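Structure first, commentary second.
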Amino acid sequence: MAIQLEKELNEMQCKAASITEGPVLIIAGAGSGKTRMITFRIAHMLEKGIPQSSILALTFTNKAAREMEARIKELTGKKLNKLTVSTFHAFGVKILRESINNLEGYRENYTIYDQADKNAAVKEAALHTGMGGENLDLYMVNNLISEIKTGRKKWDNTNDVYKKLYDRYLNHMVAYNAVDFDDLIVLPQILFEKHPEVLDAYRDRYKYIMVDEFQDTSMSQYNMVKLLAINNRNVCVVGDDDQSIYSWRGANYQNIVNFELDFPERVEIKLEQNYRSTKNILAAANNVIANNTNRKEKELWTGAAGGKSIEIFYPENEIKEAEFISDLIYRFSQEEGIKFHDIGVLVRTNSLIAVLEEQFLSNNIPYKVSGGQSFFQRKEIKDIISYMRIASNPDDDVNLLRIINTPRRGIGNTTLLKIRGLAEHQECSIFSAMTLITRAEDSSLKDSLRGHIIEFLDLINGYRERFLTGKNMGKTLRNLIEEIDYWGYLITDNSKNEKLARWKFGNVQKFIEFFENWERNPDNIKPTIYDYLNKITLVTRDDVDEEEEGKLNLMTIHASKGLEFMVVFLPGVEDHIIPHARAMEENPNNIEEERRLFYVAITRAREKLFITSCRNRRVMREVTETIPSRFIDEIPSELIILHEPDEVLDTSTALAQFAAMKAKMAAK
DNA sequence: GGGTAAGCAGTTTTT
DNA sequence: CTGCTTACCC
């Protein structure tokens, strides 16, 4: 089987896939067949005899990583157990797993904190530095910690009041033996600095590096790539500055410029032919994004036909909007035979999802939601995970506090305060303090209380031992859940709603099954509880979906990146939503990123795009009048069918329009 | 000292 | 919807 790049790819794609040596910068526009090019590039490298183990491909999401691996597998028909395709964060986990013992204070059984855990840890640190309470702007402090840690910001006289809190937070994290998401990128680099021999080993191993979604890498992520690639110089980055939509998380598309400076001999390739959208949709997207300054010159073009493929409606309010969209989708499915999974409904904020979801539910439209609260973030699942985390790392105070009295075991606030005082005094973890307090002779604890604490300690210690054997962990988990009587807890806690309790317990059962499946998976050579816990912390969405096929896609625009749909609906295209009021408040320059978001949304559509903008919308409790997004005005009017605000919403016209356009395109 | 019901506020985007 | 505070009961 020889891959013929020239036959499979266009000229530019082919060039991009063939140059495997030296630095390459690929600017790949939306829908330009980027994934296809990358897949062929790696397949080509393997065919040339480059060993799998020398290749490192870094992506942004787990989903992208999985997809890339699957496609390479399909193309080459090879087993890919030596190829490293991973997200930046998962790669960080891998490095830390192999070498965290070299970092002072940390141990191998470290816990990864997600946003919620981090919040709790920050609160804790604030409490200890006397900065807690209602005045604390948790969101801001969280950001500050991240910015300082990743080097995006330095201490100055506007923020150094938080230095104490920051130091405390760092100390706590080491004491908890916990790392946050930023640490997964930053700690490996500290490790490399302190132990150049470790860095050399990674440089030796990964001679070829690829980075996907390069516009979304942060400065510290780029530094990591640079560290690894600077000697061998076989590094290929692929990105599109117009699709950079994660700057709030530290993404910096200036990295494209940095790359040009650090690798001046790079070959630069632009993929500008779009294979996805109708001429009409593409023209709209091009016109919108042209309003941004400071972008790489490029113009997407397509050989596809035109057709009036964009329609704009102005429903009365968000309920009418949801009804309209839902009805239209239903008729598309019934009368045009369009599959639900070919339709995407994309929103700017998670809060817009609920109304739509409700409508789809009552119209019996099968749908799946990506983004928002992930399965692993549900309270009942987090509880169970906390038990597992404490069993694997008892020093993790944040998770201990979550479960110490869930289900109720008679350790209330006052007792807890006493224990925490002791922990503070002894500079030890809460778990250790509990052990101490049960042994103290003069302890003022009542016997019953002491009994409760001992019972808890025995429970954790017992299951810790069982989990650490690495055998029958699923069974162990089942026993644990039974022993703490989590079912009984759910029943009493949701005494007014037994159905809810049942549903929650169903989730718990599901979680156990995931865990057992993972444990049984032969790809896991030696499954440990640490590996599992680290893995699920990095999982956000979609990994849990059972049947993907045949379901309507409902998600945020952020979550839609990299996807495409035959028909796309964009609800809530209103000022204050997109561009988002909060974003604009923060910094008026954010308008460009909001525009990029709108651009990403438009370019998801292959054949048809519906934009709706409500005239009134309920936000929290109040109904407010809204105005259409300014971005609508940036689409040339000759490209769209504009329905007047007072026009009665009519799904039939929209449907007929679509049919006519299809017929016209087919005729061409 | 612990448990619990009721009332209340807070939702930009995510690894 | 749910996490958090508050006030009150056992």
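Not measured: the values here are computed from a predicted model. Naming convention: chains lettered A, B, ... in sequence-line order (proteins, then strands); numbering from 1 in each chain.
Note on A/T556: a side-chain N or O is less than 4.0 Å away from OP1 or OP2 of B/dT14. For C/dC1, neither phosphate oxygen OP1 nor OP2 lies less than 4.0 angstrom from any side-chain nitrogen or oxygen of A/R378. Remark: A/K63 is not in phosphate contact with B/dT14, judged by side-chain N or O atoms under 4.0 Å from OP1 or OP2. Put simply, A/T61 has no side-chain N or O that comes within less than 4.0 Å of OP1 or OP2 on B/dT14. The side chain of A/N350 contributes an N or O atom lying less than 4.0 Å from OP1 or OP2 of B/dT14.
In this structure, the side-chain contact (heavy atoms from CB on, under 4.5 Å) partners of A/W503, at least two apart in sequence or on a different chain, are A/R378, A/E380, A/L500, A/N507. Take A/R71 and apply the side-chain contact (heavy atoms from CB on, under 4.5 Å) test, not counting sequence neighbours, and it matches A/T35, A/R36, A/T39. Take A/N252 and apply the side-chain contact (heavy atoms from CB on, under 4.5 Å) test, not counting sequence neighbours, and it matches A/Q254, A/N255. Contacts of A/D396 classified as salt bridge (Lys or Arg N to Asp or Glu O under 4.0 Å), with partners at least two apart in sequence or in another chain: none.
A/L352 places none of its side-chain heavy atoms less than 4.5 Å from the side chain of A/P571.
In this entry the distance linking CG of A/L352 with P of B/dT13 reads 9 Å, nearest Å. One can place CD1 of A/I591 at 18 Å from P of B/dT12, the figure rounded to the nearest angstrom. Atom pair A/I577:CD1 and B/dT13:P shows a separation of 12 Å (rounding to whole Å applied). Following rounding to the nearest Å, A/N143 (CG) and B/dT12 (C1') show an atom-to-atom distance of 12 Å. Per the geometry, CD1 belonging to A/I404 stands 12 Å off P belonging to B/dG3, to the nearest Å. A/N119 places its CG atom 13 Å from the C1' atom of B/dT14, with the value rounded to the nearest Å.
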Which atom pairs, one a donor and one an acceptor, fall under 3.5 Å between side chains of residues 93-100 of chain A and the rest of the protein, sequence neighbours left out?
residue	atom	partner	partner atom	Å
A/E98	OE1	A/Y202	OH	2.3
A/S99	OG	A/I95	O	3.4

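Here the separation of C/dT5 from B/dT11, taken at their P atoms, is 15 Å to the nearest Å.
Lacking a ring centre under 5.5 Å from that of the base six-membered ring together with a plane angle below 30°, A/F88 does not count as stacked on B/dT15.
Side-chain N/O atoms of A/R348 and base N/O atoms of B/dT12 include a donor-acceptor pair closer than 3.5 Å. Applying the 3.5 Å distance criterion, the base of B/dT13 shares no donor-acceptor pair with the side chain of A/R249. A/W248 contributes a side-chain N or O that forms a donor-acceptor pair with the base of B/dT13 under 3.5 Å. Side-chain to base pairing of A/H89 with B/dT15: one donor and one acceptor N or O lie within less than 3.5 Å of each other.
Of the options A/R152, A/K118, A/K153, a side-chain hydrogen bond (donor to acceptor under 3.5 Å, both in side chains) to A/S146 is made by A/R152 and by none of the others.
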Taking N or O atoms only and anything under 3.5 Å, show me the protein contacts with nucleotides 4-7 of chain B, one pair per line.
residue	atom	partner	partner atom	Å
B/dT4	OP2	A/R408	NH1	2.7

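Of the candidates B/dT15, B/dT11, B/dG2, the closest approach to any side-chain atom of A/R582 belongs to B/dT11. The side chain of A/K418 lies closest to B/dG1 when the candidates are B/dG1, B/dT14, B/dT12. Ranking B/dG2, B/dG3, B/dT15 by closeness to the A/N405 side chain, first place goes to B/dG3.
Checking side-chain atoms of A/Q221 against main-chain N and O of A/S218 turns up a donor-acceptor pair under 3.5 Å.
Residue contacts shown for A/Y139 include a base, since a base heavy atom lies under 4.0 Å away.
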